[in-house]
There are 2 protein chains.
Amino acid sequence: MKPEVREKVEAFLKEKGLRVTRPREMIIETIFESEDHFSAEELQDKVRAVDAGASRATVYRTLSILVESGLLREIDLGLGVTYYDPNFIDHPNHNHLICVDCHRVVEFEDAHMAVLEDCITRRLGFSTASTSIRIEANCEELKQKGVCRKGHR
Amino acid sequence: MKPEVREKVEAFLKEKGLRVTRPREMIIETIFESEDHFSAEELQDKVRAVDAGASRATVYRTLSILVESGLLREIDLGLGVTYYDPNFIDHPNHNHLICVDCHRVVEFEDAHMAVLEDCITRRLGFSTASTSIRIEANCEELKQKGVCRKGHR
DNA sequence: GTTTCTGCAAAGGTTTTGCAACAAA
DNA sequence: TTTGTTGCAAAACCTTTGCAGAAAC
C-alpha cells in the first residue's frame with residue numbers, strides 16, 4: 001500500500017471512530033496493495049488466501065464503508081456484478097475504457113475530455129461535481145488477429 | 001412506433017424466423033411506442049395495463065432477443081436494475097448523462113465528443129465500433145435551490 | 001464494561017431455466 | 001404436424017440483514 005494511501009485510510013478510520021479489527025485490516029490491506037479492480041467475491045478469495053479470511057457479510061460491509069468514504073469507487077463493467085476501483089485516491093479524475101470483447105479495462109486520463117465533458121454537462125444544466133466517463137469499445141487486436149491478450153472469447 | 005422502427009423490427013423478426021406471438025407483439029409494441037428507458041419490471045407493468053400481459057419469463061426472454069439483435073440496448077443507470085434504451089435505432093451514437101441526485105437521464109449527442117472519444121480509443125489500441133459514454137453528474141438545480149424537477153431526494 | 005463488529009444463516013431482489021402445455025407456421 | 005413459445009414455479013445469483021456471541025477500546 002502506497003504511503004499516501006495508507007495515510008488517507010488511517011485518517012479515515014480514526015475520524016469515523018471505526019475499530020481496527022483483524023478482518024477489516026486484512027480487507028483494507030488487500031484492496032489497496034494492488035491497483036486491480038475486483039468484485040466482492042474476488043476480494044474475499046484474496047483475503048482468504050493470506051489469512052483466516054472474513055465472512056461475506058464483513059467483506060460487503062467493509063466495501064460499503066469504504067465506498068461511502070470515497071476511498072473506493074464502485075464501477076460497472078457490465079458484467080452483472082459490482083466491481084470496485086481502488087485507484088481514485090491516486091487518480092481522482094481517471095476514466096475507464098472497457099473492452100466488450102475481452103472485458104479488459106484500461107484506465108485513462110485526458111485533459112481535453114475533461115474540458116469537453118464539463119462543457120456538455122453544463123450545457124445540459126448539470127454541474128460536474130462528480131462525473132465519470134465509461135467508454136465501451138472493441139479490441140483492435142481481436143478484430144485483426146482474432147485473439148487478444150486477455151484470451152477471452 | 002415510428003415507421004422506420006417498425007420496419008427494422010419486422011425485418012428482424014422475419015430474418016430470424018421468430019414467430020409473431022401475442023405476448024411478443026405486445027412487448028415489442030410497448031417498448032417502441034415510447035422513447036422512455038425502462039426496467040424489466042416497468043415494462044411488464046405497462047404490458048399488463050394494455051393486455052392480458054406476458055409472464056416475467058417471456059418479458060425477459062424477449063428483452064434478451066432484442067438486445068442481441070441490436071434493436072434495444074441495455075444501459076446501466078447505477079440503480080442495481082438493468083434498464084433498457086429503445087432509442088438507439090433512431091440515434092445510434094447518443095450518450096447518457098445520469099444525474100446521481102435525481103436519477104434523471106439525459107440523452108445527448110456531441111460531434112466533438114465523438115471525435116475525441118475516437119482518438120482516445122485508438123490511442124489505447126481499441127477500435128470504436130461500439131462505444132458508449134456515460135456521464136454521471138450532479139443536478140445544478142438541486143445544488144442551488146435544493147430541489148430538482150424530478151423531485152427525488 | 002460499553003460499544004461496535006463479526007459470522008452465520010436466512011431473507012431480499014433480480015434474472016434465468018426446466019418442463020409440460022400450447023400456439024404459430 | 002412440427003417446431004418454437006409460453007407460463008409456471010423453482011433455481012440461481014448477488015447482496016443485505018437480524019441476531020447472538022466475540023472482540024476492540
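Proteins come first, then strands; the chains are lettered A, B, ... in the order of their sequence lines, and each starts at number 1.
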At under 4.0 Å, does any side-chain N or O of B:Arg24 touch on OP1 or OP2 of D:dT5?
-> yes

Would you tell me if any nitrogen or oxygen in the side chain of A:Thr58 comes within less than 4.0 Å of OP1 or OP2 on C:dG7?
-> yes

Which of these nucleotides, D:dC14, C:dT6, C:dT4, is closest to any side-chain atom of A:Arg61?
-> C:dT6

Out of D:dT6, D:dC14, C:dT15, whichever nucleotide has its closest atom nearest the side chain of B:Pro23 | D:dT6

Euclidean distance, atom [atom1] of residue [X] to atom [atom2] of [N] [Å, nearest integer]:
X	N	atom1	atom2	answer
A:Leu43	D:dT15	CG	P	12 Å
B:Tyr60	D:dA9	OH	P	17 Å
B:Leu79	C:dT14	CG	P	12 Å

Contact nearer the 5' end of DNA chain C, comparing B:Leu18 with B:Tyr83 | B:Tyr83

Position toward the 5' end of DNA chain D (nearest nucleotide), B:Thr21 or B:Arg56 = B:Thr21

Using the rule that two of Ile, Leu, Val, Met, Phe, Trp, Tyr join whenever any of their side-chain heavy atoms come within less than 4.5 Å, decide whether B:Val9 and B:Phe88 are in one cluster.
-> no

Is the shortest side-chain N to carboxylate O distance from A:Arg19 to A:Glu25 below 4.0 Å?
-> no

At under 4.0 Å between heavy atoms, what does A:Thr82 touch on the DNA or RNA strands: base, sugar-phosphate, or nothing?
-> sugar-phosphate

Tell me yes or no: between the side chains of B:Asn95 and B:Glu107, is some donor less than 3.5 Å from an acceptor?
-> no

